[in-house]
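Given the structure is predicted, the values throughout are model-derived calculations rather than measurements. Just so it is clear, the values below take in all heavy atoms, side chains as well, and ignore hydrogens, waters and symmetry mates.
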Amino acid sequence: MIDKIVEVANDRWGILYCPKGRSNKQREKIQRVLEERKVQYDFVQSESTDSVERLMTMLIRNGYKTIIIMGGDSALNDAVNCLMAEEKEVRDSIALGVIPNGMLNDFARYWGFDDDEMEQTVDWLIKHRIRAIDLGCVRYTNKKNEHCHRYFLNCVNIGLIADVMNLRRQTRSLLGSHTLSFIVSFFLMIFHRMDYKMRVRVNSETVDRKMMTMCVGSGPGYGQTPNAVPYNGMLDVSMVYHTEMMQLLAGLWLLVTGRFLNHRSVHPYRTREVVIEEAPHALVGVDGRLIGTPVGSYRITVEQEVVNFLIPD
């Protein structure tokens, strides 16, 4: 554990390991792969969401220029939000990478990183190929009347999908299993609220109607914004209007098979800004983590090429 400010060589990696279970097999495997390739690194392990933010800040302040997150989308989200809290000069000096090791690794998979191919991932990271990528940002007021913002690599979900995330979190605390809680959450969804009154302004259009869910993606959005590109300065938006149960099941099949936009209830947009003027009962999730229900209107924008990200060949 690094517990004080030290001078770090520019080629030395800081690795933040976020375990997804109690087993140490993944940690042992990555350390073996790194040592075989003679990578110089320091290793820290998170115990909770709060510790991800604390350890990421510590790695930044200790001067690491290559920081690798070994975790899922939520851990990567925590990392970029810590990075964006720094001055631009500091952010520009750091390259962020990922070794997928979470329940959801959507952003890593977008680039071709596979959680079953750790050796290949490390070989790619060693080559240090950098791409400046975009971040989306949601700006909102919370229930304490505090003005907040949260950056995202992948997407913001509003409505049903955020509700499923909430159900999954609740069932996971009871069931203990990630996979089982996900299945149970989708089953419980059948008996849950299926539409939300929203008024949304996108480009020059105002959409005022009931929706099932809406996804705003800078990245692939867990299949809901499959054409989003995290380096074009744009956001992709998928609005899903109310649909019958059989159509919903068909939509889930299209989602799984990568053809979500083909569903007749899905209405796609591409824009630089989305303003949610009204969605009083819809939960909001950012990169798989809930931020609750904002108070009043809120805005989602994109900031272009603000993070240096390590990508494959």
Side-chain angles (χ1 to χ4, degrees), residues 16 18 20 46 48-53 55-57 67-85 91 96-111 113 115 133-140 142 148-169 172 178 181-182 185 213-231 234-238 255 260 274 276 282-294 298-304 306-307 309-311:
L16 203 172
C18 307
K20 60 179 177 181
S46 71
S48 65
T49 299
D50 291 341
S51 70
V52 171
E53 296 176 353
L55 292 172
M56 179 65 184
T57 300
I67 299 177
I68 309 298
I69 307 302
M70 188 173 175
D73 287 335
S74 293
L76 201 53
N77 179 274
D78 291 334
V80 297
N81 276 277
C82 288
L83 195 55
M84 291 300 290
R91 298 199 310 266
L96 183 68
V98 64
I99 299 172
N101 186 51
M103 182 65 182
L104 297 173
N105 303 299
D106 209 42
F107 194 76
R109 290 194 186 106
Y110 171 84
W111 296 100
F113 293 113
D115 45 357
I133 61 169
D134 303 343
L135 292 180
C137 185
V138 54
R139 291 176 170 82
Y140 64 99
N142 66 17
C148 308
H149 69 276
R150 186 81 184 173
Y151 291 98
F152 60 93
L153 287 152
N154 199 13
C155 67
V156 172
N157 280 299
I158 304 167
L160 183 63
I161 299 300
D163 242 346
V164 172
M165 292 175 187
N166 187 42
L167 287 170
R168 177 173 162 268
R169 178 180 59 83
R172 189 177 67 188
H178 289 271
S181 66
F182 191 76
S185 298
T213 191
M214 182 170 74
C215 181
V216 181
S218 178
Y222 308 108
Q224 299 167 87
T225 53
N227 296 331
V229 178
Y231 46 82
M234 303 294 285
L235 296 167
D236 278 23
V237 182
S238 294
L255 178 64
F260 184 68
V274 182
I276 294 82
L283 287 176
V284 178
V286 180
D287 280 351
R289 180 170 291 141
L290 286 174
I291 62 171
T293 303
Y298 50 102
R299 185 164 57 103
I300 304 172
T301 57
V302 61
E303 297 188 22
Q304 192 165 10
V306 289
V307 169
F309 192 74
L310 297 175
I311 64 172

Legend entry - Y222 and N157 side chains, donor-acceptor separation under 3.5 Å: no
Inset, instruction - Please confirm whether F309 and Y231 have ring centers closer than 6.0 angstrom. - result: no
Legend entry - M84 side chain near V307 side chain, heavy-atom distance below 4.5 Å: yes
Legend entry - Pair N77, N81: side-chain N/O donor-acceptor within cut-off below 3.5 Å: yes
Legend entry - Residue pair Y110 / V229, side-chain heavy-atom distance below 4.5 Å: yes
Inset, instruction - Of all the heavy-atom pairs spanning C18 and N101, show the shortest one and how long it is. - result: O-ND2, 3.2 Å
Inset, instruction - Quick one: closest heavy-atom pair of S238 and T225, and the distance? - result: OG-CG2, 3.8 Å
Inset, instruction - Please list, chain by chain and in numerical order, all residues satisfying salt bridge (Lys or Arg N to Asp or Glu O under 4.0 Å) with D236, sequence neighbours excluded. - result: R270
Inset, instruction - Look up atom CE in M234 and atom CG in N227, then write down how far apart they are to the nearest 0.5 Å. - result: 13.0 Å
Legend entry - Closest heavy-atom pair and its distance - E53, D78: OE2-OD1, 3.7 Å
Legend entry - Residue from I300, T293, V284, I291 passing side chain to side chain contact (heavy atoms under 4.5 Å, CB included) with Y140: I291
Legend entry - Under 3.5 Å: donor-acceptor pair, side chain of N154, backbone of F107: no
Inset, instruction - Decide yes or no for L153 and D73: does some side-chain heavy atom of the first lie under 4.5 Å from some side-chain heavy atom of the second? - result: no
Legend entry - Interatomic distance, E303 atom CD to D134 atom CG [nearest 0.5 angstrom]: 9.5 Å
Inset, instruction - Measure the spacing between NE2 of H149 and SG of C137 and express it to the nearest 0.5 Å. - result: 5.5 Å
Legend entry - Min side-chain heavy-atom separation I69-M56 under 4.5 Å: yes
Legend entry - Nearest non-hydrogen partners of G136 and L235, listed with the distance: CA-CD2, 4.5 Å
Legend entry - Separation of L83 CG from T57 OG1 (nearest 0.5 Å): 9.5 Å
Inset, instruction - Would you indicate whether the side-chain heavy atoms of L310 and I68 approach each other to under 4.5 Å? - result: yes
Inset, instruction - Identify the two heavy atoms, one from A79 and one from L96, that lie closest to each other, and give their separation to 0.1 Å. - result: CB-CD1, 4.5 Å
Legend entry - Residue pair W111 / P100, side-chain heavy-atom distance below 4.5 Å: no
Inset, instruction - State, yes or no, whether a side-chain contact exists between L76 and D287 at a heavy-atom distance under 4.5 Å. - result: no
Legend entry - 4.5 Å side-chain heavy-atom contact, Y298 and V138: yes
Legend entry - Side chain T213, main chain I158, donor-acceptor under 3.5 Å: yes
Legend entry - Nearest heavy atoms of G285 and A162, plus distance in Å: N-CB, 3.7 Å
Legend entry - Value rounded to 0.5 Å, distance of CD1 in I276 from CZ in R299: 10.5 Å
Legend entry - Lys/Arg-Asp/Glu bridge criterion (N-O < 4.0 Å) met for D115, R109: yes
